[in-house]
Amino acid sequence: MTFERWKRLAGLFALFAALTFALAACGGGDDEESEGGATTEASGGAAERTFPELKIAFDNGIDYLDPGLAYTVQGWSIMLPVHLGLLTYKSVNGPDGATLIPALAEDLPEISDDGLTYRFTLREMNYSDGKPVKASDFKNSIKRLFQIDSPGVGFFTGIEGAEQFAETKKGDIAGIVTDDDARTIEINLAKPQGDFLYVLATMFGAVVPTGTPAKDQSTATIPATGPYMIESYTPNRIVTVVRNPEWQGIDDIPDGNPDKITFNVIEEDSAALQSVIDGQNDYNFHPIPVDRLGEVQNQYADQLKLFTPANTYYFFMNTRLKPFDKLEVRQAVNHAVDRDAVVRLYGGLATTTENVLPPTYQQYEKIS
């Protein structure tokens, strides 16, 4: 079986969970030798095919490749297997993909009865440059968010002393207590914060080495803690990601299939699609243009994978402006919208809903 037969075209794409699925899809198949690939023994004794390189037709929405600054799907999609925090999400499709699991922490935290104190023990592991990951690195990573005016600082201001540190950017954040020898991290909140574990699982919670400069490191690259590391980044052109030589494996975090992933930035959707059809890239991060969807479905059905991402698309009316300041007008617009026509704008690949949460969320409940 040749590598060409494992190429994938993607119809809709959201977050790295979908990209993880695509990487896994490259690995199955029969036991024949593959062109440009190698068969290795995976855990459990199953044969798993690996490939030297996966080429992705990416889009130009990357803002940063610095975990303290990035705030786009594009940046996070690249960095999720590169920079880990104490916690992350289970790498599966569907509602179970919202399950929190330990990453750099050995286990989920011990939480005090009043919901104010979170205690973690850090795994023994190294960054991609061989230096050990230390408990104090977590504290300094959070401090760095404030020092670089990260868009994610608002998620962490509930930590005791964080607001004071935000003003002075000097000293320590009193609510983060670490012990490098014991590998322990204690986080004290000023008041209970129900979503705090999910905050820690964001890219802003990624742990980077102490001493990482308090300025954008997108092109300088920061040592990695995940199964991959960023080898090089040329803005608006190409990102190259390779295996982290220090990665020892963590339960429920995929090691990944390709040895190298190349993200080729292509601005236009149709050009990205054509690059996959022509064999220049193996996976399409872009949405397939609606006017070409029928062509792809008819001619390349064996390469097409459609799935439901965790997205809700909507429009809103500015209630501060006339005539939308009147409830009756908003109701009239709502009743006038032809929802079936909106679905056709997405090539039929959408479902109308009355919910804000999409059906792939665990908390989703259908409104009759």
Side-chain angles (χ1 to χ4, degrees), residues 14-16 61-80 82-89 98 100 103-105 108-109 111-112 114-120 135-178 185-210 212-218 222 225 310-312 314 316 318-320 356-358 361-363:
L15 303 183
F16 189 75
I62 301 172
D63 53 353
Y64 299 97
L65 287 184
D66 183 320
L69 293 170
Y71 211 168
T72 64
V73 169
Q74 291 84 351
W76 284 28
S77 296
I78 293 173
M79 291 190 293
L80 277 171
V82 173
H83 297 295
L84 299 178
L86 298 176
L87 304 175
T88 189
Y89 290 95
L100 289 172
L104 297 186
L108 295 176
I111 305 175
S112 61
D114 59 8
L116 296 178
T117 302
Y118 294 70
R119 296 183 179 90
F120 294 89
S136 55
D137 291 343
F138 171 79
K139 175 179 62 178
N140 291 320
S141 297
I142 302 304
K143 289 171 59 177
R144 180 176 181 265
L145 296 179
F146 291 94
Q147 292 166 341
I148 62 177
D149 296 320
S150 166
V153 292
F155 297 124
F156 298 92
T157 52
I159 299 174
E160 282 188 356
E163 290 188 348
Q164 294 90 325
F165 184 82
E167 294 177 2
T168 64
K169 298 182 181 178
K170 295 180 180 180
D172 272 331
I173 297 176
I176 304 178
V177 181
T178 62
I185 298 169
E186 180 177 291
I187 306 170
N188 297 293
L189 304 181
K191 59 182 179 181
Q193 184 174 334
D195 64 349
F196 190 64
L197 292 182
Y198 295 93
V199 167
L200 292 175
T202 66
M203 187 53 60
F204 300 119
V207 177
V208 300
T210 296
T212 300
K215 59 182 180 180
D216 180 20
Q217 296 296 292
S218 295
I222 298 173
T225 49
N311 288 347
T312 301
Y314 61 93
F316 70 95
N318 189 339
T319 59
R320 297 179 181 180
V356 174
L357 292 178
Y361 272 49
Q362 290 175 320
Q363 299 86 350

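Reckoned from all heavy atoms, side chains included, excluding hydrogens, waters and symmetry mates. Note that the coordinates shown come from a computational prediction; the quantities given were computed from them, not determined experimentally.
Contact between L357 and T312 at its shortest, heavy atoms only, is C-OG1, 4.0 Å. Annotation for A206 and P67: closest pair CB-CB, 3.9 Å, computed over non-hydrogen atoms. Annotation for L84 and L104: closest pair O-CD1, 3.4 Å, computed over non-hydrogen atoms.
Taking CZ of F120 as the reference point, atom CG of L86 lies at 5.0 Å (rounded to 0.5 Å). Atoms CD1 and CD1, on I187 and I185 in that order, are 6.5 Å from each other to the nearest 0.5 Å. Of the inter-residue distances, the one linking K143 atom NZ with D172 atom CG reads 4.0 Å to the nearest 0.5 angstrom. Between T157 atom OG1 and F165 atom CZ the span is 13.5 Å, to the nearest 0.5 Å. In this structure, the separation between CD1 on I222 and OG on S141 is 8.5 Å, given to the nearest 0.5 Å.
By the side chain to side chain donor-acceptor pair (under 3.5 Å) test, S112 is found to be paired with D114, residues two or more places apart in sequence or in another chain being considered. For T210, the side chain to side chain donor-acceptor pair (under 3.5 Å) criterion is met by D137, N140, not counting sequence neighbours. With sequence neighbours left out, K139 forms a side chain to side chain donor-acceptor pair (under 3.5 Å) with no residue at all. Residues meeting the side chain to side chain donor-acceptor pair (under 3.5 Å) test with S218, sequence neighbours left out: D216. In this structure, F146 has no ring-ring contact (aromatic ring centres under 6.0 Å, His included) partners at least two apart in sequence or on a different chain. Here E167 pairs with nothing under the side chain to side chain contact (heavy atoms under 4.5 Å, CB included) rule; sequence neighbours left out. Here Y118 pairs with F196 under the ring-ring contact (aromatic ring centres under 6.0 Å, His included) rule; sequence neighbours left out. Applying the side chain to side chain contact (heavy atoms under 4.5 Å, CB included) criterion to N188, with sequence neighbours excluded, gives T117, E160, V177, E186. Residues satisfying the side chain to side chain contact (heavy atoms under 4.5 Å, CB included) criterion with A174, sequence neighbours excluded, are absent altogether. For K169, the side chain to side chain contact (heavy atoms under 4.5 Å, CB included) partners at least two apart in sequence or on another chain are D149.
Counting heavy atoms from C-beta outward, L87 and L197 have side chains that approach closer than 4.5 Å.
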Could you list the donor-acceptor pairs under 3.5 angstrom formed between side-chain atoms of residues 198-205 and any protein atom two or more places apart in sequence or on another chain?
| residue | atom | partner | partner atom | Å |
| --- | --- | --- | --- | --- |
| T202 | OG1 | V199 | O | 2.7 |
| T202 | OG1 | F204 | N | 3.4 |

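Residue pairs meeting the side-chain hydrogen bond (donor to acceptor under 3.5 Å, both in side chains) criterion with at least one member in residues 63-72, sequence neighbours excluded, are D63-T72, D66-R144.
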> Should M79 and L65 be marked as a side-chain contact (heavy atoms from CB on, under 4.5 Å) after you check the CA-CA gap, both sets of side-chain angles, and the distance that decides it?
Replying inline: CA-CA 7 Å; M79 291 190 293; L65 287 184; 4.1 Å; yes
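The closest donor-acceptor contact from the side chain of E163 to the backbone of G161 lies at 3.5 Å or more, if one exists at all.
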